[in-house]
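Pasting a structure here, questions to come.
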Amino acid sequence: MRVLQLILFGVVTGSFLLVGTIGFALTRRVEGFLNIAHAELITVSAFGTWFMNRELGWNFFLAGGIAVVGTSLLGLVVARLFYDPIKHLGSSVLLITSVGVTFFLHGIAEGSIGTGIRVFDIPTPTVLSLGELRITTYQLAIVGIAIVTAVGLTLFMNRTRTGMDIRAMAINRDLAASRGIDIRATSRATWLIASGLAGLAGVLLGVQATLTTDLAFQQILIILTVAIVGGLGSLYGVIAAAFLVGFAMDLSVLWLPGGYRPMVAFAVVIIVLAVRPSGLARTAG
Amino acid sequence: MRRHSALVILIAAFSLVAAACASTGTPSDGAGGDGDGVTIGVLVPLTGEAGAFGQIVADTAQLAVDEINASGLNPCGQINLVIADTQTNPEQGIREGNRLMDSVGVVAIVGPTSETMVALVDSAITNEVVLFSPYAGSISLNALGGNFVYRTVASDLDDGKAAGLWLVDRGYKRVAVLTQNEESTISIGTAAADAARAQGVEIVADASFAPGQTSYQAELSSVLASKPDGIFLAGGQQSGVTILKEATALGYEGEWLLAADMAVPEVIEGVGADLMEGIAFAELASADTDLPTYTAFAALHKEKLGTEAGPFSANSWDMMNLIALAMNAADGCTGAAINDALRSVSSGGTVVSSYEEGAKALANGTDIDYNGASGPVDIDETGSVTGSYAIVGVKNGEWTGVEFYSADTFK
C-alpha cells in the first residue's frame, strides 16, 4: 500500500515538474537556448498571485488567471528586451544573459517581497481517500491541469497553424523563413506560450508549497534535469522525463534517507545520459 | 559531437546556476584596527529565509554599540559596526566573513548562524578575530568553541535536552524525529532524540529531508508509517509549514514539537490556526522574562527602537556588552586581547548587569561577572552558556508560553 501511495505522490510530483518544464523545453527547442530565467518567471507568477489573492483580497482564480497572463506578457517583454537584440551571438551568450535576467528578476522579487514565507489565501484542501491511499483535491487539480496542458499543447502543435509554424521553426529556422513563415510572429507566440506555462507553474507552486523568493529558483536544477533527461526540447520526452524523475524521487524514500530525494533527480540524469546520451526522446523533433 | 552535446550543456548550465546561487553581496566600507576606534563586523542573514532573525541581531547590536559609545567608557574608543548580509546562504556567509577579516580588518565578527560560524572557525583563529554568535547552537561548536569562538546561546545539546524533557513531560510513548538536512537542525534533532531516548521514550522514526522543495510528503510518509503519537520537527519555516499541512492531509492526528525557527506568527498563518490549535508546540531558547535585567533591556529596546525585543535580541545585547567589557578588561584592542579577557568578564567576580556598571568596576580593579538580559551568560570552556528554554503552544491562534525550563535544569 505504501508503494502505491508513493507512486501517487510521484504522479503529483511529475505533474508539477511537467508544467514547470514544458515551457522551458519549448523555448529551448524553438529559440535554441536554455532560458534559466524561466524559474524566475515562476517566482513572479507565484508572488503575483499571492499579492492579488492575499494582499488585495482578490478571488484566487482571478488572481491566478491574471498572474498567468501577466507572466506570459512579461516573458515576451524580457525576450524582446534582452534576448532578441543579441540572438545572433549564439546560444551560449543567450544562456549567460538569461542568468543575468534571473538575477535581475530575483533582485526585484527579493526587494519588493522581502524575507520570510508566504501562502495563498485558499481553504484547506479536502482529502480524498481510497483505502489507505490519500490525495488532496489540490493535488488532483495539479494532475488534471498537467494532463490538460500536455494534451492541449500537443493538439496545438499538431492542429493549429501557429503550432505547426513553431514546429517548423524549431526544426530549421532559415528554411521555415524561406517557406514564408513569419519568424518574428512565431517567436512571439512561443515566448507567450512558454512564459504563460511558467506562470501556470507559479500558481501551482503556490497552491502546493510554502513560498519563499528562493523557492522557484531552487527548482531550476530539477527543471533542467527533467529537460535534459527528456532530450532537451522534445515535448514528448519531457512528459516521460517529468514522470520518470517524479517517480524516482518519491519512490527513493523506500531505500534511501529522505534527505537524498533531490539528489535522486541528478542520479537519473547521469544514468539516462550514460545509456542514451541524447535523452529519452529518440530524435530532437 | 552530438553524443557529448547534452552533457556539455548540462555541465555548463549547472555551473552557471551554481555560480548564480553563489552571488556576491554588496560591499560596504569600514575601517578596522585600534587607536581611535575599533570595527566589529555584523555577519547576519538580512535576506532569505532567516532574514528576520538577522535584522533583530543587527538592530540590537547597533543599539548596544550606541549605548556603549555614548557612555564614553570604552578604552578602545568608538566601536563601529560594518554589516554584511549572508543572504541565509553559508557560502555567501563565508565569503563575506573572509572579506570582513581580510579587507575590513575587524577585531570581531558577531551574528553568524551555525553553518557560517562552523566554516569560519579556522580563519577566525588564524586571523585572531573573535567570532561571537547570539544564536548559533550547533553541537559542532562545542568542540570548536572556547578560543576566539563564543556564543551567548546554549549548545543545541541543551536545546535537544529541553525538547527531550518536553517529549517526556508530555507523556508521548512513540516519538518520530524529522530533521532538515542542515547543520543547525541536525544537531537539535540528534540531541532531542538522544535526550528522549535516555528517558525511555521510543524513537520510532528518525528521518531527514532536504530543504527548498515543493513537497515533503514522500519523506513524511515514512515517518507516519511508524505511527508516532508525537513528531519532533527540526525544520525551517518554508519546509515546516508545508510538512504540517501535508501531514494533516495524510491523516496524522498526533502532536508536534517544532524547532525554534518555527515559533513565529507567520507559521500559524501559513499552516492555518485551526490545524495547529492545541496540538503544535515549539521549543526555543528564551530569556527568563521575569529577570530585572531582561525587563530593563526590553524597556530600553522599546524606547529606542520602538518595537518589542524579538527572539535572540537579549542574547545579542549581552554579546555586544561582553565584547565591550572584554575591551575594558584587556591589555589592548585587538581580537587576541578581547579573546584573552572575554571569559573572565562573564563569570567569577562582582555581579554587574550593564556595560557601564561593569566598565566602572573594572576601572577600579574589581573582577566582574556580567549577568545580562538573557541570563547569567557564564561562558564555559567550550565558549557557550547554559541556556533557559521556553515551550510555547498555539492557543487561540497565537504562540503562548506553556512551560519554562530554567538554566538550572540543565546544569
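Side chains included, hydrogens not; waters and symmetry mates left out as well; all remaining heavy atoms used. A note on names: the letters A, B, ... follow the listed sequences, proteins ahead of strands, and every chain is numbered from 1.
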* A:Gln208 versus chain B, the contacting section by heavy-atom distance below 4.5 Å -> both

* Asked: Which one, B:Leu250, B:Val271, B:Asp274, B:Asn181, leads in non-hydrogen pairs under 4.5 Å with chain A?
  -> B:Leu250

* Heavy-atom contact with chain B under 4.5 Å, split by part of A:Phe16 ->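 For A:Phe16, the contact with chain B is made by the side chain alone.
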
* To the nearest 0.5 angstrom, please state how far the OG atom of B:Ser221 sits from the CD atom of A:Gln5. =>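 One finds 7.0 Å between OG of B:Ser221 and CD of A:Gln5.
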
* Is it the case that more than 12 heavy atoms not belonging to A:Glu132 sit under 6.0 Å from its CD atom? -> no

* When you look at OH of A:Tyr260, are more than 12 heavy atoms from neighbouring residues, nucleotides or ligands closer to it than 6.0 Å? ->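 Counting other residues, nucleotides and ligands, OH of A:Tyr260 stays at 12 neighbours or fewer.
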
* Spatial distance of atom CG (B:Asn89) from atom CG (A:Asp214) [nearest 0.5 Å] ->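 One finds 8.5 Å between CG of B:Asn89 and CG of A:Asp214.
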
* Asked: Hey, what do you get for CD (B:Glu246) to OG1 (A:Thr136), rounding to the nearest 0.5 Å?
  -> 8.5 Å

* Asked: Between CG of B:Leu220 and CZ of A:Phe9, what distance do you get to the nearest 0.5 Å?
  ->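 Reported to 0.5 Å precision, the distance equals 7.5 Å.
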
* Contact origin within B:Gln55 toward chain A - heavy atom pairs under 4.5 Å -> neither

* Look at the side chain of B:Thr214 and the backbone N and O of A:Ala209, then say whether any donor-acceptor pair between them is shorter than 3.5 Å. =>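 Judged by distance alone, no pair lies under 3.5 Å.
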
* **Heavy-atom pair count under 4.5 Å with chain A, highest-scoring of B:Thr248, B:Val241, B:Val264, B:Leu275** =>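 Heavy-atom pairs under 4.5 Å are most numerous for B:Val241.
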
* Please round to the nearest 0.5 Å and tell me the distance separating atom CG of A:Asp250 and atom CD of B:Glu219. => 7.5 Å

* Asked: Are more than 12 heavy atoms from other residues, nucleotides or ligands located less than 6.0 Å from atom CD of B:Glu277?
  -> yes

* Asked: Taking atom CE of A:Met249 and atom CD of B:Gln213, what is their separation to the nearest 0.5 Å?
  ->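 Between A:Met249 CE and B:Gln213 CD, I get 5.5 Å after rounding to 0.5 Å.
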
* Asked: Would you say the side-chain atoms of A:Arg134 pair up with the backbone N or O of B:Ala249, donor to acceptor, closer than 3.5 Å?
  -> yes

* **Of B:Glu269, B:Lys245, B:Glu266, the residue whose pairing with A:Val119 passes side chain to side chain contact (heavy atoms under 4.5 Å, CB included)** =>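 That would be B:Lys245.
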
* Asked: What residue, out of B:Ala225, B:Ser239, B:Gly212, has the most heavy-atom pairs lying under 4.5 Å from chain A?
  ->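 Counting heavy-atom pairs under 4.5 Å, the top option is B:Gly212.
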
* Residue B:Ala207 versus chain A: region with a heavy atom under 4.5 Å -> neither

